[in-house]
Amino acid sequence: MSSIRTTEQLGNALRAARKQLGLTQPQLALSAGVGVRFIVDLEAGKPTLRLENVLRVIDALGGEIQLTGLPSTPAVNPEG
């Protein structure tokens, strides 16, 4: 599992996964239901992308997001 802390690290990890699966950027874009430009920007580490589309790409690559180091349940504020 990769530790991702920046948009550049995410882009690099997704590019590596795409290449390992033997997919071109257009093939991945079609599979994920996004545009090729989105894949190009994502792999370049562009910080202002729609999270929904990022998750679609991760899913199309067979991956998932796991958060670590966060509380497992949200803290409840009794005062609302």
Side-chain angles (χ1 to χ4, degrees):
M1 180 167 45
S2 299
S3 178
I4 306 289
R5 295 185 180 270
T6 68
T7 56
E8 290 82 10
Q9 290 172 336
L10 177 61
N12 289 337
L14 295 178
R15 180 184 305 108
R18 175 181 59 77
K19 288 183 175 185
Q20 187 174 2
L21 291 171
L23 296 172
T24 65
Q25 289 176 329
Q27 288 171 326
L28 177 57
L30 183 63
S31 177
V34 299
V36 175
R37 183 78 227 171
F38 182 85
I39 300 297
V40 170
D41 289 345
L42 178 59
E43 290 185 358
K46 184 176 179 183
T48 56
L49 295 173
R50 285 185 59 137
L51 180 58
E52 176 184 15
N53 289 346
V54 173
L55 295 174
R56 287 173 144 180
V57 171
I58 291 169
D59 184 57
L61 291 169
E64 66 180 12
I65 297 280
Q66 293 185 5
L67 298 177
T68 60
L70 300 176
S72 58
T73 56
V76 177
N77 182 349
E79 298 177 1

Under 3.5 Å, sequence neighbours excluded: what are the donor-acceptor pairs made by side chains of residues 48-59?
{"from": "R50", "atom 1": "NH2", "to": "E52", "atom 2": "OE1", "distance (Å)": "2.6"}
{"from": "R56", "atom 1": "NH1", "to": "G33", "atom 2": "O", "distance (Å)": "3.4"}

| task | Quick one: closest heavy-atom pair of I39 and Q25, and the distance? | result |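 Nearest pair, atom of I39 first, then Q25: CG2-CG, 3.8 Å.
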
Would you tabulate the side-chain donor-acceptor contacts of residues 11-24 under 3.5 Å, counting partners in other chains and residues two or more places apart, or write 'none'?
{"from": "N12", "atom 1": "OD1", "to": "R15", "atom 2": "NH1", "distance (Å)": "2.9"}
{"from": "N12", "atom 1": "ND2", "to": "E8", "atom 2": "O", "distance (Å)": "3.3"}
{"from": "R15", "atom 1": "NH2", "to": "E43", "atom 2": "O", "distance (Å)": "2.5"}
{"from": "R18", "atom 1": "NE", "to": "E43", "atom 2": "OE2", "distance (Å)": "2.6"}
{"from": "R18", "atom 1": "NH1", "to": "L23", "atom 2": "O", "distance (Å)": "2.9"}
{"from": "R18", "atom 1": "NH2", "to": "E43", "atom 2": "OE1", "distance (Å)": "3.1"}
{"from": "R18", "atom 1": "NH2", "to": "E43", "atom 2": "OE2", "distance (Å)": "3.4"}
{"from": "T24", "atom 1": "OG1", "to": "Q27", "atom 2": "N", "distance (Å)": "3.1"}
{"from": "T24", "atom 1": "OG1", "to": "Q27", "atom 2": "OE1", "distance (Å)": "3.3"}

